[in-house]
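What's counted below: heavy atoms across the whole structure, side chains too, no hydrogens, waters or symmetry copies. Treat the numbers as computed from the prediction; the structure is a model and nothing was measured.
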Amino acid sequence: MRFSKTLIPTLRETPADAESASHILMLRAGYIRQLAAGLYIYLPLGLRVIEKINKIIREEINAIDGQEISMPVLHPAEVWQATGRWYEIGDEMFRLKDRTGRDMCLGMTHEEIMTWLASREIRSYRELPHIWYQIQTKLRDEARPKSGVLRTREFLMKDSYSFDADEEGLERSYQLHASAYNRIFTRCELKFYMVESDPGMMGGATSHEFMAPSPAGEDEVVLCSSCGYAANIELAISQPGKIEIRDWNFEEVHTPEKRTVEEVSNFLKIAHEYFIKSILLISNNGPVLALVRGDQELQEKKINRIIGEYRPAQKGEVKEILGVEAGFIGPMNHKIRIIADTCLQKGVYVSGANKEQYHAKGIRPGSDFVAEWHDIHIAKEGEFCHKCNAPLRIEKVIEIGNIFKLGTKYSIPLKAFYLDEKGLEKPIIMGSYGIGTARIAAAAIEQNHDRDGIIWPKSIAPFDIEILPLNINDRNTVEIAENLYRDLTEKGMDVLIDDRDERAGVKFKDADLIGIPTHIIIGEKNLKEGLVETKNRKTKEVKKVKVDEVVKLLC
RNA sequence: CGGGGCGUAGCGCAGCCUGGUAGCGCACACGGUUCGGGACCGUGGUGUCGAAGGUUCAAAUCCUUUCGCCCCGACCA
């Protein structure tokens with residue numbers, strides 16, 4: 001492709017609205033333009049990257065017998081009403097009416113529609129299993145689009161769905177996807193982890209996420225480098241450091257105006273981990289007291305899985321329900337449900353005395369209070385793996401893919417049944433598997449860039465080679481450049497030739513910004529000796545090569 | 001949805017506090033010199049100052065409302 005005939009509007013200055021590296025560089029290097037919050041135009045270079053990624057995805061999903069189909073973006077409400085998600089999902093779903101007043105929505109995912117299709121087309125166990133997928137635009141009215149292409153309201157996603165007769169089949173489809181995903185992200189040359197994740201609204205029991213480490217990521221994962229344990233921080237289990245068991249007798253201590261763990265800890269000269277933090281929550285089934293150790297935080301997702309929907313109690317409610325001001329709550333002598341973090345099972349602690357201006361020292365779990373024991377704290381860097389006891393570390397990550405076992409959550413309400421060998425009607429067992437194409441591109445940039453610009457992995461770069469004829473007014477330069485352009489293209493390489501009448505400096509700067517892996521620099525002086533230069537964008541290594549050996553070297 | 005910030009030329013910004021009718025850099029056009037890391041000199045064009053309303057002799061500037069965008073948080077199939 002010729003630079004002079006391609007829309008590659010590079011920017012010298014950093015756009016004010018961009019913050020993350022991928023956002024800044026995609027704008028500056030002329031890959032994308034923003035239409036509105038969370039809506040992006042993919043310019044020629046951007047589109048090429050997306051297409052390269054999609055090609056890899058197609059090859060790998062086809063290889064596990066996935067069949068590509070294409071589904072409408074506009075959906076009738078009834079299908080979503082059948083599964084209840086029409087009502088469960090709030091403002092995140094774009095809704096509209098057609099001219100006859102019929103309720104419609106824009107597809108934010110396609111479980112419903114895929115299942116609807118399966119319900120019509122699959123009759124017998126003999127037709128199973130199936131994997132259907134599409135690479136299609138999804139629309140979600142995100143509360144907060146951010147970080148350029150990382151979180152948008154309209155985005156391209158590969159979503160596949162598996163249909164099996166039983167759990168074993170689902171497990172097989174799930175593993176096929178896990179291995180396909182590993183190949184896809186490996187081919188895209190990303191650093192990534194496969195981690196345990198919270199199935200959340202998708203229902204079902206098992207799910208994993210594929211996470212690309214990057215400071216621009218919105219999620220965090222907990223990793224054990226010793227045994228390989230890896231989980232989303234929303235559900236990661238960790239063992240806090242052990243503490244000594246003190247021989248304190250139970251006593252009430254006057255702690256005037258000392259409310260927070262920090263304040264009482266300083267006042268009594270006792271470390272945070274000897275405290276019990278009591279947090280009052282209001283669930284749909286009444287108040288719940290959650291207890292975590294003083295040096296820990298409550299993991300909201302974990303408690304959510306135990307008690308369902310809830311909200312933190314307001315100050316007035318604390319006094320009303322527990323009879324004491326927040327800041328002096330302790331776990332003793334309450335009639336409400338108490339859920340305590342498992343690490344509190346052993347030890348002797350300090351907490352509120354349930355009496356204004358007093359804390360209690362020498363609290364013994366089990367005898368001074370009873371509780372349900374669950375892991376409800378947020379895992380922290382330096383805590384220990386519950387499997388192998390090695391120290392854990394935490395990394396920020398970008399979610400680039402996920403796989404879910406859905407079971408029958410969609411097949412039952414949408415009546416996707418099949419007849420088994422005995423003629424019994426059974427619901428199809430499903431899985432759903434997503435990959436965000438643009439997030440792969442963004443993650444690749446986040447993980448591979450330098451001061452000068454993008455450094456694309458070879459597999460997803462918009463072009464393989466960029467030719468830089470430095471002076472296009474020199475006949476020899478142009479001739480050699482054009483010959484190389486033709487020969488390399490004929491060999492199947494994707495080649496961009498910077499045929500603009502620009503100064504050499506401009507071409508170098510733009511080439512580095514755009515980030516094509518290999519540059520061929522054609523300058524008059526070297527040409528006089530029959531040489532051109534090849535430059536590796538990543539290592540910056542430059543080699544002088546004879547003109548007629550270039551093609552052989554690069555193909 | 002809560003908190004914060006910003007809307008002035010294509011892009012990046014100054015001017016606003018203390019009202020007097022808009023400026024700088026880059027980009028763009030033309031001419032000349034230059035030509036291997038975002039050249040230099042000269043000339044030139046460019047704005048409903050996000051929008052609406054108000055105060056005032058006079059509003060980019062003060063007041064009110066509203067829209068948009070970014071950041072933090074909440075949310076996130």
Pairing donors with acceptors under 3.5 angstrom, does anything connect the side chains of A:His23 and A:Lys146?
no
Euclidean distance, atom CD of residue A:Glu19 to atom P of B:rC69 [Å, nearest integer]:
17 Å
Is A:Glu317 salt-bridged to A:Arg311, cutoff N-O under 4.0 Å?
yes
Which part of the nucleic acid, if any, lies within contact of A:Asn471, taking any heavy atom under 4.0 Å across all strands shown: a base, the sugar-phosphate backbone alone, or nothing?
nothing
Integer angstrom distance from the P of B:rC6 to that of B:rC62
12 Å
Please work out if A:Asp91 contacts a base, only the sugar-phosphate, or nothing of the nucleic acid, heavy-atom cut-off 4.0 Å.
nothing
With C1' as the reference atom in both, quote the distance from B:rC57 to B:rA51 in angstrom, rounded to an integer.
25 Å
Look at the side chain of A:Lys146 and decide which nucleotide, out of B:rC11, B:rC70, B:rC72, has an atom nearest to it.
B:rC72
If the P atom of B:rG3 is compared with that of B:rU66, how far apart are they to the nearest Å?
14 Å
Value in whole Å for how far the P atom of B:rG37 lies from CZ of A:Arg537
17 Å
Measure the CG-CG distance between A:Leu190 and A:Asn448 for me, rounded to the nearest 0.5 Å.
7.5 Å
What distance, rounded to whole Å, do you find between the two C1' atoms, one in B:rA39 and one in B:rC26?
14 Å
If you assign each of A:Ala16 and A:Ala143 to its closest nucleotide in RNA chain B, which residue comes earlier from the 5' end?
A:Ala16
Considering only heavy atoms and no angle criterion, is a donor-acceptor pair shorter than 3.5 Å present between the side chain of A:Glu502 and the base of B:rG38?
no
Can you tell me how far C1' in B:rC1 sits from the matching atom in B:rG20, rounded to whole Å?
43 Å
Using a strict threshold of under 4.0 Å (side-chain N to carboxylate O), is an ion pair present between A:Arg2 and A:Glu482?
yes
At less than 3.5 Å, do the side-chain atoms of A:Glu533 and the base atoms of B:rG36 form a donor-acceptor pair?
yes
Mind calculating the distance between CG (A:Asn304) and C1' (B:rA74) to the nearest angstrom?
14 Å
Both A:Lys525 and A:Ala36 contact RNA chain B. Taking the nearest nucleotide for each, which residue is further toward the 5' end?
A:Lys525
Counting the atoms with a prime plus P, OP1 and OP2 as sugar-phosphate, which does A:Lys507 contact under 4.0 Å by heavy atoms, base, sugar-phosphate, or nothing?
nothing
Mind checking if A:Leu468 touches a base, just sugar-phosphate, or nothing, with heavy atoms under 4.0 Å?
nothing
May I have the distance from A:Arg503 (atom CZ) to B:rU33 (atom C1'), rounded to whole angstrom?
11 Å
Spacing of A:Asp219 atom CG relative to B:rG73 atom P, expressed in whole Å
12 Å
May I ask you to say what A:Asp159 touches in the nucleic acid, namely base, sugar-phosphate or nothing, with a heavy-atom cut-off under 4.0 Å?
nothing
Should A:Asp498 and A:Arg500 count as an ion pair when the cut-off is N to O under 4.0 Å?
yes
Does the B:rG4 base have a donor-acceptor partner in the side chain of A:Arg144 within less than 3.5 Å?
no
Between A:Asp219 and A:Lys396, is the closest basic N to carboxylate O distance under 4.0 Å?
no
The side chain of A:Gln34 is closest to which nucleotide in this list: B:rC69, B:rG36, B:rG38?
B:rC69
Whole-Å C1' distance, B:rU61 and B:rU18
10 Å
Could you check which nucleotide pairs with B:rC75 in any of the strands shown, counting Watson-Crick or G-U wobble with both distances under 3.5 Å?
none
Does A:Asp512 reach a base, just sugar-phosphate, or nothing at all? Heavy atoms under 4.0 Å.
base
Strand partner of B:rC57, provided both Watson-Crick or wobble distances fall under 3.5 Å
B:rG20
For atom P, what is the distance between B:rG42 and B:rU21, given to the nearest Å?
28 Å
Between B:rA29 and B:rC67, how far apart are the two P atoms, rounded to whole Å?
39 Å
If you measure from the Lys or Arg side-chain nitrogens to the Asp or Glu carboxylate oxygens, is any gap between A:Arg537 and A:Asp450 under 4.0 Å?
yes
Just to be sure I understand the rule, does A:Arg28 reach a base, reach only the sugar-phosphate, or reach nothing, if contact means heavy atoms closer than 4.0 Å?
base
Among the nucleotides B:rG38, B:rC70, B:rG12, which one has an atom lying closest to any side-chain atom of A:Ala37?
B:rC70
Tell me: NE2 of A:His23 to C1' of B:rC69, nearest whole Å?
11 Å
Looking at every strand, decide which applies to A:Glu112 at a 4.0 Å heavy-atom threshold: base, sugar-phosphate, or nothing.
nothing
With a 3.5 Å limit on both atom pairs, tell me what B:rC30 is paired to, counting Watson-Crick and G-U wobble, or say none.
B:rG42
Could you tell me whether A:Lys535 contacts a base, only the sugar-phosphate backbone, or nothing, with contacts defined as non-hydrogen atoms closer than 4.0 Å?
base
Contact class for A:Thr477 (heavy atom, under 4.0 Å): base, sugar-phosphate, or nothing?
nothing
Length of the line joining A:Leu35:CG and B:rC70:P, which is rounded to integer Å:
12 Å
Please state how far atom CG in A:Leu39 lies from atom C1' in B:rG68, giving the value in whole angstrom units.
13 Å
Decide, yes or no, whether a salt bridge links A:Lys405 with A:Asp164 under the criterion of side-chain N to carboxylate O below 4.0 Å.
no
